Amino acid sequence: MSAERVTVKEKVLSANDQLAAETRARLQAEGVFAVNLISSPGSGKTTLLECTVDLMKPSLRLGVMAGDVQTRNDADRLIRHGIPVEAIETGGGCHLDARQVSRALTTFDLSNTDLLFIENVGNLVCPAGFDLGESVKVVLMSVTEGDDKPVKYPAAFKRAAALVLTKTDLVPHLQFSLERVLEYARSVNPDLAFFSTSSYTGDGLAEWTGWLAGQVAALKRS
Ligand code: MG
Ligand code: ZN
């Protein structure tokens, strides 16, 4: 890469980071815990969110930003669960950036929000490199993806606070080692929290939502 290109990339990133820092300060001031959900397309982000919202809605005030390259389909699914939802259509962009999130944030009543989910565009590569001002990144992967994903796409796993394994009800039909994925994931990030879930059977959802509730409570105490 030429020196000139490096400079342009650095400028784009620093403008993004500046805006992300402003968003983070705003969320912190309002006591909102924000989760940036990152995964490949089709790993089950929206379905996990639908289940998560149903389980947590009775006790916490929730909101969702649903990012997609095209369509509002995911936002429309989530809106049926009776919480504030804003769609972000990137129009070809393969990740969300801080500007899009900062703009979408104005549609939420932050003083009446405890937990905000940001469903990133399905892509395990560049979403890992763009700070959105979130409290934590959470990486999802489904058991159909192959257990070496953490070492193939280490940046996403390194920067995440938690890994949520999805579709575990399919494990009996697959050559998939839960032990191996955990071993790979922890080799990249020893501090990664780990949840093994199935939105279909409900397995592991209590542990996942319990962890989220704990994060929200810790933020309120700080
Ligand atoms: Mg989705
Ligand atoms: Zn991208």
Side-chain angles (χ1 to χ4, degrees), residues 1 5-6 8-17 19-20 23 34-57 62-104 115-134 136-145 149 152-160 162-168 170 195 197-200 205 208-209 212:
M1 205 183 280
R5 277 197 62 187
V6 169
V8 170
K9 195 178 173 212
E10 275 170 4
K11 271 187 190 152
V12 170
L13 272 182
S14 86
N16 186 83
D17 289 353
L19 204 47
T23 294
V35 178
N36 179 1
L37 281 173
I38 295 175
S39 80
S40 308
S43 66
K45 289 189 295 301
T46 311
T47 306
L48 179 76
L49 276 179
E50 289 186 277
C51 296
T52 303
V53 163
D54 285 344
L55 287 168
M56 301 192 81
K57 183 171 68 168
L62 309 174
V64 179
M65 283 183 201
D68 259 309
V69 173
Q70 220 127 48
T71 79
R72 304 176 40 99
N73 292 357
D74 289 358
D76 290 343
R77 276 168 66 187
L78 289 157
I79 239 166
R80 287 186 214 121
H81 296 262
I83 54 152
V85 176
E86 180 69 8
I88 306 175
E89 268 187 83
T90 63
C94 50
H95 58 268
L96 292 180
D97 62 33
R99 189 181 44 87
Q100 291 161 331
V101 168
S102 169
R103 199 182 290 156
L115 178 55
L116 177 69
F117 294 101
I118 305 166
E119 182 181 342
N120 217 311
V121 176
N123 173 358
L124 214 42
V125 185
C126 42
F130 281 81
D131 187 5
L132 306 179
E134 72 275 342
V136 291
K137 290 182 173 67
V138 168
V139 64
L140 262 73
M141 67 170 277
S142 72
V143 296
T144 57
E145 293 177 47
K149 260 249 154 111
K152 281 186 175 168
Y153 301 91
F157 291 82
K158 196 174 288 178
R159 295 188 180 132
L163 163 61
V164 181
L165 198 62
T166 60
K167 309 188 190 182
T168 56
L170 297 176
F195 304 98
T197 70
S198 164
S199 297
Y200 182 63
L205 295 181
W208 157 239
T209 55
L212 285 171

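Source: prediction; values computed, not measured. Start at 1 and go down the list; that is how both ligands and their atoms are numbered.
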When you look at Asp131 and Asn16, which way does the side-chain hydrogen bond (donor to acceptor under 3.5 Å, both in side chains) test go after all the steps? CA-CA 7 Å; Asp131 187 5; Asn16 186 83; over 6 Å; no
The Mg ion (ligand 1) neighbourhood, protein N/O/S only, threshold under 2.8 Å: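 You should have found Thr46 OG1, Asp74 OD2, Glu119 OE2.
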Distance (rounded to the nearest 0.5 Å) between Lys137 NZ and Leu37 CG: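 It comes to 12.0 Å.
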Would one find more than 12 heavy atoms of other residues, nucleotides or ligands at under 6.0 Å from atom NZ of Lys57?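 More than 12 heavy atoms, drawn from other residues, nucleotides or ligands, come within 6.0 Å of this atom.
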Under 2.8 Å from the Zn ion (ligand 2), how many protein N, O or S atoms can be found?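 Counting protein N, O and S atoms closer than 2.8 Å to the Zn ion (ligand 2) gives 3.
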Measure from the side-chain N and O atoms of Glu89 to the backbone N and O of Gln70, and report whether any donor-acceptor pair falls under 3.5 Å.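 Not confirmed, Glu89 side chain does not pair with Gln70 backbone.
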Quick check: does any side chain N or O of Thr168 sit under 3.5 Å from a backbone N or O of Thr197, one acting as donor and the other as acceptor?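 Between the backbone of Thr197 and the side chain of Thr168 there is a qualifying donor-acceptor contact (under 3.5 Å).
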For Phe130 and His95, take the angle between the two ring planes, folded into 0 to 90°, and tell me which bin it lands in: parallel under 30, tilted 30 to 60, perpendicular over 60.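 Parallel, since the angle between the ring planes stays under 30°.
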Strictly distance-based, threshold 3.5 Å: is any side-chain N or O of Thr209 a donor or acceptor partner for the main-chain N or O of Met56?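 Pair absent, no side-chain N/O of Thr209 close to backbone of Met56.
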Asn120 side chain to Pro127 main-chain N or O, any donor-acceptor pair under 3.5 Å?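 A pair under 3.5 Å: no.
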Do Glu50 and Ser199 have side-chain N/O donor and acceptor atoms under 3.5 Å apart?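 The answer is no; no qualifying pair exists.
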